[in-house]
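Quick caveat, the model's predicted, so the values are computed rather than measured.
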Amino acid sequence: MTNCIFCAIVAGTAPSVRVSETEATYAFMDIAPGNDGHLLVIPKRHSTDLLDIDAQDLTAVTLEAQRIARAVVGDLDADGVNLLNCCGADAWQTVFHFHLHVIPRYADRDRDRLRLPWQPGVPGDRQVMTDFADRLSVALG
């Protein structure tokens, strides 16, 4: 893909700090990490986002992210891990090549810079949830 920084990283024409590589995936450290150890897992084949990615590539990326998450918890002494995908500019996607963020999380708030953008445990409007569920059920057939 022309002008895609992640495609250039896969091709070796742009720098990266490599973590792992499989036949279908490439994982490297995020240059603007949310926490220490934050990395990205991408498919080698270009796809724009979650709506565009081939099922085989999505599976490969997800399985590699899981493998890396286990190492993050086991070897980086993280207390947990977030997997994050941003699909579309309004959902914070800034590089339009599908990628999963693997973000180590730490109980020690001095080590963990991330904060939730919403309040878990605050109930949503039941009617709104029902309306959205009905619409999605119809759309999914």
Side-chain angles (χ1 to χ4, degrees), residues 1-126 128-141:
M1 177 61 126
T2 307
N3 297 324
C4 174
I5 187 62
F6 288 177
C7 287
I9 287 171
V10 169
T13 58
S16 70
V17 179
R18 183 183 156 284
V19 173
S20 72
E21 185 171 2
T22 70
E23 185 178 318
T25 68
Y26 190 85
F28 56 100
M29 300 308 294
D30 193 309
I31 62 169
N35 273 340
D36 294 338
H38 179 168
L39 62 113
L40 305 174
V41 183
I42 66 172
K44 287 183 174 179
R45 184 174 32 212
H46 184 85
S47 56
T48 303
D49 57 28
L50 180 63
L51 306 179
D52 181 48
I53 190 169
D54 174 82
Q56 285 183 302
D57 286 342
L58 178 59
T59 300
V61 168
T62 303
L63 290 174
E64 185 63 4
Q66 180 188 45
R67 187 174 82 89
I68 292 168
R70 287 183 177 130
V72 163
V73 171
D75 297 318
L76 295 186
D77 298 321
D79 299 298
V81 64
N82 284 120
L83 293 184
L84 173 68
N85 170 256
C86 303
C87 180
D90 289 327
W92 308 330
Q93 185 176 7
T94 57
V95 177
F96 293 89
H97 180 123
F98 178 84
H99 54 287
L100 276 182
H101 295 260
V102 179
I103 308 169
R105 301 305 307 273
Y106 305 99
D108 178 351
R109 288 296 164 212
D110 291 333
R111 292 183 69 197
D112 196 303
R113 299 184 298 275
L114 298 181
R115 300 296 178 262
L116 279 172
W118 76 92
Q119 294 179 334
V122 175
D125 181 293
R126 186 74 170 179
V128 171
M129 288 187 279
T130 300
D131 292 346
F132 274 86
D134 290 346
R135 290 172 57 191
L136 288 170
S137 292
V138 168
L140 294 170

Do you know the tightest heavy-atom contact between [X] and [Y]?
X: P15; Y: I9; value: O-CG1, 3.7 Å
X: L39; Y: V41; value: CD1-CG2, 4.0 Å
X: A60; Y: A24; value: CB-CB, 3.9 Å
X: P123; Y: G121; value: CD-O, 3.3 Å
X: C4; Y: H97; value: SG-ND1, 3.4 Å

Output the distance between atom [atom1] ([X]) and atom [atom2] ([Y]), rounded to the nearest 0.5 Å.
X: D30; Y: H101; atom1: CG; atom2: NE2; result: 6.0 Å
X: S16; Y: M29; atom1: OG; atom2: CE; result: 11.0 Å
X: F96; Y: H46; atom1: CZ; atom2: NE2; result: 10.5 Å
X: D49; Y: H99; atom1: CG; atom2: NE2; result: 10.5 Å
X: Y106; Y: N35; atom1: OH; atom2: CG; result: 6.5 Å
X: D36; Y: L76; atom1: CG; atom2: CG; result: 9.5 Å

Report task. Using the side chain to side chain contact (heavy atoms under 4.5 Å, CB included) rule, take R67 and L63 through it: C-alpha gap first, then chi angles, then the decisive distance, then the call. Result -> CA-CA 6 Å; R67 187 174 82 89; L63 290 174; over 6 Å; no
In the structure I gave you, are the side-chain heavy atoms of [X] and [Y] within less than 4.5 Å of one another anywhere?
X: D79; Y: R105; result: no
X: F132; Y: V128; result: yes
X: V102; Y: L40; result: no
X: L83; Y: N85; result: no

Is atom [atom1] of [X] surrounded by more than 12 heavy atoms (other residues, nucleotides or ligands) closer than 6.0 Å?
X: D90; atom1: CG; value: no
X: I31; atom1: CD1; value: no
X: Q56; atom1: CD; value: no
X: R109; atom1: CZ; value: yes
X: R115; atom1: CZ; value: yes

Query - Main-chain N/O of Q66 paired with E64 side-chain donor or acceptor, under 3.5 Å - result: no
Query raised in the report: For R45, what residues pass the side-chain contact (heavy atoms from CB on, under 4.5 Å) criterion, not counting sequence neighbours?
Result: D54, D57
Query raised in the report: Which one of V61, D52, I42, T48 satisfies the side chain to side chain contact (heavy atoms under 4.5 Å, CB included) criterion with F98?
Result: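 The residue from V61, D52, I42, T48 that satisfies side chain to side chain contact (heavy atoms under 4.5 Å, CB included) with F98 turns out to be V61.
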